[in-house]
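Written out below as C-alpha coordinates is the structure these notes cover.
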Amino acid sequence: SEAMALANLAILDHEEGRAEEALAAYRAAIDIQAAIGDQHHRATNLSNIALIKYQQGQLDEARDLQQLALVIHRQSGCRQREATTLVYLGTIHQLKEDLPAARSHYEQAAKIFEEVGDRRWEAIARGYVASVADEQGEVAEAEAGYRHCLSVLRDLQDRRSRGVYLTHL
(Lines give C-alpha, C1' and ligand atoms only; values in the text may rest on other atoms or scores of the structure.)
Protein backbone atom coordinates (compact mmCIF):
# COMPACT_ATOMS: atom_id res chain seq x y z
CA SER A 1 0.00 0.00 0.00
CA GLU A 2 1.02 3.62 -0.38
CA ALA A 3 1.13 4.17 3.37
CA MET A 4 3.45 1.20 3.88
CA ALA A 5 5.74 2.41 1.09
CA LEU A 6 5.88 5.86 2.69
CA ALA A 7 6.68 4.35 6.08
CA ASN A 8 9.45 2.25 4.53
CA LEU A 9 10.90 5.36 2.88
CA ALA A 10 10.73 7.12 6.23
CA ILE A 11 12.72 4.31 7.83
CA LEU A 12 15.40 4.63 5.15
CA ASP A 13 15.48 8.41 5.48
CA HIS A 14 15.82 8.12 9.26
CA GLU A 15 18.62 5.56 8.97
CA GLU A 16 20.43 7.88 6.57
CA GLY A 17 20.14 10.82 8.96
CA ARG A 18 17.47 12.68 7.02
CA ALA A 19 15.13 13.35 9.93
CA GLU A 20 12.96 16.00 8.28
CA GLU A 21 12.35 13.82 5.23
CA ALA A 22 11.54 10.89 7.51
CA LEU A 23 9.08 12.98 9.50
CA ALA A 24 7.34 14.13 6.32
CA ALA A 25 7.02 10.58 5.02
CA TYR A 26 5.73 9.27 8.37
CA ARG A 27 3.15 12.08 8.53
CA ALA A 28 1.96 11.32 4.99
CA ALA A 29 1.67 7.63 5.89
CA ILE A 30 -0.27 8.49 9.06
CA ASP A 31 -2.71 10.64 7.08
CA ILE A 32 -3.45 7.72 4.76
CA GLN A 33 -3.69 5.25 7.64
CA ALA A 34 -6.12 7.52 9.50
CA ALA A 35 -8.25 7.85 6.35
CA ILE A 36 -8.47 4.08 5.84
CA GLY A 37 -8.83 3.22 9.54
CA ASP A 38 -5.48 1.44 9.92
CA GLN A 39 -4.99 2.29 13.58
CA HIS A 40 -2.30 -0.33 14.25
CA HIS A 41 0.15 1.05 11.69
CA ARG A 42 -0.85 4.63 12.50
CA ALA A 43 0.16 4.08 16.12
CA THR A 44 3.43 2.46 15.05
CA ASN A 45 4.27 5.46 12.88
CA LEU A 46 3.34 7.87 15.67
CA SER A 47 5.90 6.03 17.81
CA ASN A 48 8.43 6.29 15.01
CA ILE A 49 7.93 10.05 14.82
CA ALA A 50 8.24 10.19 18.61
CA LEU A 51 11.59 8.40 18.37
CA ILE A 52 12.89 11.07 16.00
CA LYS A 53 11.57 13.81 18.27
CA TYR A 54 13.25 12.06 21.22
CA GLN A 55 16.55 11.98 19.36
CA GLN A 56 16.13 15.68 18.58
CA GLY A 57 15.65 16.41 22.29
CA GLN A 58 12.00 17.36 21.88
CA LEU A 59 10.92 15.26 24.84
CA ASP A 60 7.50 16.83 25.44
CA GLU A 61 6.45 16.27 21.84
CA ALA A 62 7.89 12.74 21.91
CA ARG A 63 5.94 12.01 25.12
CA ASP A 64 2.69 13.33 23.67
CA LEU A 65 3.07 11.24 20.51
CA GLN A 66 3.88 8.11 22.53
CA GLN A 67 0.86 8.72 24.76
CA LEU A 68 -1.37 8.92 21.68
CA ALA A 69 0.20 5.72 20.31
CA LEU A 70 -0.38 4.05 23.69
CA VAL A 71 -4.09 4.91 23.62
CA ILE A 72 -4.41 3.44 20.13
CA HIS A 73 -2.50 0.26 21.05
CA ARG A 74 -4.70 -0.21 24.12
CA GLN A 75 -7.86 0.30 22.07
CA SER A 76 -6.71 -2.20 19.47
CA GLY A 77 -5.62 -4.74 22.09
CA CYS A 78 -2.04 -4.97 20.83
CA ARG A 79 -0.41 -5.83 24.15
CA GLN A 80 3.15 -6.21 22.84
CA ARG A 81 3.09 -2.74 21.23
CA GLU A 82 1.41 -1.33 24.33
CA ALA A 83 4.26 -2.60 26.48
CA THR A 84 6.93 -1.35 24.08
CA THR A 85 5.32 2.08 24.06
CA LEU A 86 5.27 2.07 27.87
CA VAL A 87 9.03 1.45 27.82
CA TYR A 88 9.49 4.40 25.45
CA LEU A 89 7.38 6.59 27.75
CA GLY A 90 9.43 5.42 30.71
CA THR A 91 12.68 6.48 29.06
CA ILE A 92 11.25 9.91 28.30
CA HIS A 93 10.07 10.37 31.89
CA GLN A 94 13.41 9.15 33.20
CA LEU A 95 15.27 11.71 31.09
CA LYS A 96 12.89 14.39 32.36
CA GLU A 97 13.74 13.17 35.89
CA ASP A 98 10.15 12.17 36.63
CA LEU A 99 11.28 8.93 38.21
CA PRO A 100 7.92 7.82 39.71
CA ALA A 101 6.28 8.05 36.26
CA ALA A 102 9.23 6.30 34.61
CA ARG A 103 9.10 3.47 37.14
CA SER A 104 5.35 3.09 36.74
CA HIS A 105 5.65 2.81 32.95
CA TYR A 106 8.49 0.28 33.19
CA GLU A 107 6.62 -1.82 35.75
CA GLN A 108 3.46 -1.84 33.63
CA ALA A 109 5.51 -2.85 30.61
CA ALA A 110 7.27 -5.67 32.47
CA LYS A 111 3.92 -7.05 33.64
CA ILE A 112 2.52 -7.03 30.09
CA PHE A 113 5.67 -8.63 28.66
CA GLU A 114 5.37 -11.32 31.34
CA GLU A 115 1.70 -11.88 30.45
CA VAL A 116 2.45 -12.25 26.71
CA GLY A 117 5.45 -14.50 27.40
CA ASP A 118 8.20 -12.22 26.10
CA ARG A 119 10.95 -13.03 28.58
CA ARG A 120 13.61 -10.93 26.85
CA TRP A 121 11.61 -7.71 26.91
CA GLU A 122 10.29 -8.47 30.38
CA ALA A 123 13.90 -8.69 31.59
CA ILE A 124 14.83 -5.48 29.77
CA ALA A 125 11.85 -3.65 31.29
CA ARG A 126 12.84 -4.93 34.74
CA GLY A 127 16.36 -3.68 34.02
CA TYR A 128 14.87 -0.24 33.42
CA VAL A 129 13.05 -0.50 36.76
CA ALA A 130 16.43 -1.27 38.32
CA SER A 131 17.95 1.80 36.67
CA VAL A 132 15.27 3.98 38.26
CA ALA A 133 15.89 2.34 41.64
CA ASP A 134 19.59 3.06 41.12
CA GLU A 135 18.87 6.75 40.41
CA GLN A 136 16.68 6.88 43.52
CA GLY A 137 19.54 5.55 45.66
CA GLU A 138 17.90 2.17 46.23
CA VAL A 139 21.16 0.30 45.65
CA ALA A 140 20.13 -3.15 46.92
CA GLU A 141 16.94 -3.13 44.82
CA ALA A 142 18.84 -1.89 41.77
CA GLU A 143 21.51 -4.58 42.10
CA ALA A 144 18.92 -7.34 42.55
CA GLY A 145 17.03 -6.05 39.50
CA TYR A 146 20.15 -5.89 37.35
CA ARG A 147 21.21 -9.40 38.44
CA HIS A 148 17.76 -10.81 37.64
CA CYS A 149 17.80 -9.12 34.25
CA LEU A 150 21.27 -10.52 33.50
CA SER A 151 20.23 -14.01 34.57
CA VAL A 152 17.27 -14.06 32.19
CA LEU A 153 19.27 -12.59 29.32
CA ARG A 154 22.02 -15.17 29.93
CA ASP A 155 19.42 -17.96 29.80
CA LEU A 156 18.15 -16.51 26.51
CA GLN A 157 21.73 -16.19 25.21
CA ASP A 158 21.22 -12.49 24.53
CA ARG A 159 24.82 -11.30 24.75
CA ARG A 160 24.20 -7.85 23.29
CA SER A 161 21.56 -6.85 25.86
CA ARG A 162 23.49 -8.51 28.68
CA GLY A 163 26.47 -6.31 27.92
CA VAL A 164 24.41 -3.19 28.56
CA TYR A 165 23.37 -4.37 32.04
CA LEU A 166 26.81 -5.68 33.00
CA THR A 167 28.02 -2.08 32.97
CA HIS A 168 25.64 -1.33 35.86
CA LEU A 169 27.17 -3.84 38.28
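- A heavy-atom distance below 4.5 Å is not found between the side chains of Trp121 and Val116.
- Pairs engaging residues 99-112 under the salt bridge (Lys or Arg N to Asp or Glu O under 4.0 Å) rule: Arg103-Glu107, Arg103-Glu138, Arg103-Glu141, Lys111-Glu115 [sequence neighbours left out].
- Under the 4.5 Å side-chain heavy-atom criterion for ILVMFWY residues, a single connected hydrophobic cluster contains both Leu70 and Ile112.
- Among pairs with a residue in residues 44-57, those fulfilling salt bridge (Lys or Arg N to Asp or Glu O under 4.0 Å) read Lys53-Glu61, at least two apart in sequence or across chains.
- By the rule that hydrophobic residues join a cluster once side-chain heavy atoms approach within less than 4.5 Å of another member, Tyr54 and Leu99 end up as members of separate clusters.
- Taking the six-membered ring for Trp and thresholds of 30 and 60 degrees, His73 and His40 have ring planes more than 60 degrees apart, a perpendicular arrangement.
- Looking at every heavy atom in both residues, Ala83 comes nearest to Ala109 through O-CB, 3.4 Å.
- Looking at Gln94 and Glu135, their side chains do bring a donor and an acceptor atom within 3.5 Å of each other.
- Proximity of a side-chain donor or acceptor of Ser151 to a complementary backbone N or O of Arg147 within less than 3.5 Å is not detected.
- Exactly one of Leu9, Ile11, Leu6 qualifies for a side-chain contact (heavy atoms from CB on, under 4.5 Å) with Tyr26. That residue is Ile11.
- Across every non-hydrogen atom of Ala123 and Cys149, the tightest pair is O-SG, 3.2 Å.
- For the atom pair Leu153 CG and Arg120 CZ, the distance stands at 7.0 Å (nearest 0.5 Å).
- Ile72 and Gln39 get closest at one heavy-atom pair: CG2-O, 3.3 Å.
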(request) Starting from the C-alpha separation in whole Å, work towards a yes-or-no answer on side-chain contact (heavy atoms from CB on, under 4.5 Å) for Glu122 and Val152. (result) CA-CA 9 Å; Glu122 177 193 350; Val152 172; over 6 Å; no

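- Contact check for His105 versus Val87: no side-chain heavy atoms found under the 4.5 Å cut-off.
- The hydrophobic cluster containing Ile52 also contains Leu46, counting ILVMFWY residues as joined when their side-chain heavy atoms lie under 4.5 angstrom apart, directly or transitively.
- The shortest side-chain heavy-atom distance between Leu89 and Gln67 falls under the 4.5 Å cut-off.
- The backbone N or O of Tyr128 sits nowhere less than 3.5 Å from a side-chain atom of Tyr106 that would complete a donor-acceptor pair.
- For the pair Ile30/Ile49, a side-chain contact is recorded, criterion being any heavy-atom separation below 4.5 Å from C-beta on.
- Considering only heavy atoms from C-beta on, Thr85 comes within 4.5 Å of Ser47 through its side chain.
- Using a distance-only test at 3.5 Å, with no hydrogens or angles considered, a donor-acceptor pair links the side chain of Asn45 to the main chain of His41.
- Taking both residues in full, the closest heavy atoms of Ala3 and Ala29 are given as O-CB, 3.5 Å, listed atom of the first, atom of the second, then distance.
- Between Leu86 atom CG and Arg79 atom CZ the span is 9.0 Å, to the nearest 0.5 Å.
- Qualifying side-chain contact (heavy atoms from CB on, under 4.5 Å) partners for Ser76, counting only residues two or more places apart in sequence or in other chains: Cys78.
- Put simply, Leu65 and Leu23 are part of the same group of oily side chains (I, L, V, M, F, W, Y) that touch within less than 4.5 Å, one to the next.
- Between the CZ atom of Arg126 and the CG atom of Leu150 there is a distance of 14.5 Å, given to the nearest 0.5 Å.
- One hydrophobic cluster, built from ILVMFWY side chains closer than 4.5 Å, holds both Phe113 and Val129.
- Gln55 pairs by the side-chain hydrogen bond (donor to acceptor under 3.5 Å, both in side chains) definition with His14, not counting sequence neighbours.
- In this structure, CG in Asp13 is found 4.5 Å from CZ in Arg18, a value given to the nearest 0.5 Å.
- Counting only heavy atoms from C-beta outward, the side chains of Leu95 and Thr91 never approach each other to under 4.5 Å.
- Checked against side-chain hydrogen bond (donor to acceptor under 3.5 Å, both in side chains), Gln108 has the following partners two or more places apart in sequence or in another chain: Arg74, Ser104.
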(request) Evaluate the side-chain contact (heavy atoms from CB on, under 4.5 Å) criterion for residues Glu114 and Arg119: first the C-alpha distance (whole Å), next the side-chain angles of each, then the deciding distance (0.1 Å), finally the verdict. (result) CA-CA 6 Å; Glu114 180 181 18; Arg119 290 184 64 217; over 6 Å; no

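- Between Ala69 and Ala43, the shortest heavy-atom distance links the atoms CB-O, 3.5 Å.
- Sorted by first and then second residue, the salt bridge (Lys or Arg N to Asp or Glu O under 4.0 Å) pairs involving residues 34-52 (not counting sequence neighbours) form an empty list.
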